[in-house]
K.L.:
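What follows is a single structure, and I will ask about it in a moment.
What you are looking at is a predicted structure, and each value in this text was computed from that prediction instead of being measured. Just follow the structure's listing: the first ligand is 1, and inside any ligand the first atom is 1.
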Amino acid sequence: MSEKCGRGAGRAPRLPGPVLVWRKWFAPLAAEVWTAAWGARFGSRMIVTEEAHRSAVRVDVYPGGRGAAERLKSRFGGRVLRLGADVWWRPQEPRAMPLRIGRKLLVVATAAQAASWARRDRGRAVVWVPAGPAFGTGQHATTRMCLRALAEAWPFRSMLDAGCGSGILAIASAKLGAEGVEAFDSDASAVREARENIRRNGVRVAVRRMDLAALGRGCFDVVAANILSGPLVSHARALRGAVRPGGRLILSGIRPNQSAEVIRAFAGCRLLARRGSEGWVCLVLGR
Ligand SMILES: C[S@@+](CC[C@H](N)C(=O)[O-])C[C@H]1O[C@@H](n2cnc3c(N)ncnc32)[C@H](O)[C@@H]1O
């Protein structure tokens, strides 16, 4: 990661503020009526969640600021919540069904599933990541969107997984066929778990404990960072400097109302794709 392949630029960007969400629970029919009337206005800023164990439907809107959130509350009721970073962490259950990422990747949770799907679906690379304390089984929308962006970026030779958690993105890249795959995480237990998952999957990935703040210049074809928007913005220059000109950055862990700020922080990169799912955004930028 010390190889030079370009010059960094830009001034220190402003960090994103807190994430505000207006939330209201509706009866199912009322939710349909409300979303039919207002869905087009809020677009990807609105997330509708139906949970199997509840009869109510949750509508979340990520507004432009506190004023907009309060206006929604005074007009429609509901609550304005200020989300902290901990909303990221959710329990991760083992999955019964494999997760299919396009035509190239399959993510499973057990050794038995890995063996069975490797026989049944020879066209897809099978990634085996059991549920563990480190983030990244493929259940979270951010991981899924990053996996999809990696599959779309294929073919590439080298890849850096910044904030690797379970190592799922690095492992998927190596399984696709990339040869120079590196990964790091600031959390020692995540690094241990990533090493174990790399061994399980029989791939070569160099993984180490490191903070994003220590990231040096690099020449990677692809750099993926599924970290919250705060670190993405404050370390934008370093992340951009780790990608070769013409390479790609895959960024997630971003709320819909934070994506413009993240794009601004990566000034000089081209926006290739912006996708959203379950209240999260994934950006693909070309350097
Ligand atoms: C949401 S998880 C992503 C895991 C995996 N890459 C995925 O996409 O599922 C974010 C990871 O980034 C790590 N992380 C957060 N801030 C970091 C930093 N400043 N430097 C290095 N790693 C960091 C966390 O420990 C965590 O494992």
K.L.:
Relative to ligand 1, is A162 under 4.0 angstrom through side chain, backbone, both or neither, heavy atoms considered?
P.N.:
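None of A162 does.
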K.L.:
Identify, by atom number and element, the atoms of ligand 1 in contact range of C164, meaning under 4.0 Å from any of its heavy atoms.
P.N.:
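Here the atoms of ligand 1 in question are 4 (C), 5 (C), 6 (N).
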K.L.:
So is H235 close enough to ligand 1, meaning a heavy atom under 4.0 angstrom away?
P.N.:
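No, H235 has no heavy atoms under 4.0 Å from ligand 1.
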K.L.:
Calculate, to the nearest 0.5 Å, the distance between atoms OG1 and CD1 belonging to T137 and I168 respectively.
P.N.:
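The distance works out to 6.5 Å.
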K.L.:
Could you tell me whether the side chains of T142 and N226 share a donor-acceptor contact shorter than 3.5 Å?
P.N.:
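Indeed, the side chains of T142 and N226 share at least one donor-acceptor pair under 3.5 Å.
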K.L.:
Under 4.0 Å from a heavy atom of L212: give me the atoms of ligand 1 that qualify, with their elements.
P.N.:
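What qualifies from ligand 1 is 18 (C), 19 (N), 20 (N), 21 (C).
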K.L.:
Do you know which two heavy atoms are closest between V205 and A174, and how far apart they sit?
P.N.:
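In terms of heavy atoms, the two residues are closest at CG2-CB, 4.1 Å.
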K.L.:
Would P231 count as a polar contact of ligand 1, with the cut-off being nitrogen or oxygen pairs under 3.5 Å?
P.N.:
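No; the residue has no nitrogen or oxygen that sits under 3.5 Å from a nitrogen or oxygen of the ligand.
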K.L.:
Do the ring planes of F26 and W34 sit parallel (below 30°), tilted (30 to 60°) or perpendicular (above 60°)?
P.N.:
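Ring orientation, 0 to 90° scale: tilted.
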K.L.:
Examine distances only and state if a side-chain atom of K24 and a backbone atom of D60 form a donor-acceptor pair shorter than 3.5 Å.
P.N.:
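Such a contact is absent between K24 side chain and D60 backbone.
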K.L.:
If I apply the N/O under 3.5 Å rule, does S166 come out as touching ligand 1?
P.N.:
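In fact, backbone or side chain, S166 has no N or O that close.
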K.L.:
To which of G163, S189, G136, G165 does the heavy atom nearest atom 6 (N) of ligand 1 belong?
P.N.:
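Selected option, by shortest heavy-atom distance: G163.
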K.L.:
What part of D161, side chain from CB on, backbone N/CA/C/O, both or neither, has a heavy atom under 4.0 Å from ligand 1?
P.N.:
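Near ligand 1, D161 shows its side chain, while the N, CA, C and O stay back.
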K.L.:
Do the numbers put R255 on top of the ring of W280, so that NZ or CZ is under 6.0 Å from the six-membered ring centre and no more than 45° off the axis?
P.N.:
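Geometry flag: set, cation within 6.0 Å and 45°.
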K.L.:
Is it the case that R41 places NZ or CZ above or below the six-membered ring of W38, under 6.0 angstrom from the centre and within 45 degrees of the axis?
P.N.:
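Cation-pi check for R41 and W38: fails.
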K.L.:
Mark up the atoms of ligand 1 that fall under 4.0 Å of a heavy atom belonging to N226, in ascending order.
P.N.:
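The list of qualifying atoms is 1 (C), 2 (S), 3 (C), 7 (C), 8 (O), 9 (O), 10 (C).
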K.L.:
Tell me whether C146 reaches ligand 1 (any heavy atom closer than 4.0 angstrom to a ligand atom).
P.N.:
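In this structure, C146 fails to qualify as a contact of ligand 1 - no heavy atom is under 4.0 Å.
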K.L.:
Can you check whether L169 has an N/O within less than 3.5 Å of an N/O in ligand 1?
P.N.:
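There is no such contact.
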K.L.:
For the pair R287 (side chain) and R244 (backbone), establish whether a donor and an acceptor sit closer than 3.5 Å, ignoring hydrogens and angles.
P.N.:
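A pair under 3.5 Å: no.
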K.L.:
Taking the minimum heavy-atom distance to atom 24 (C) of ligand 1, which of D187, L150, D185 ranks first?
P.N.:
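Checking each option, the heavy atom nearest atom 24 (C) of ligand 1 is found in D185.
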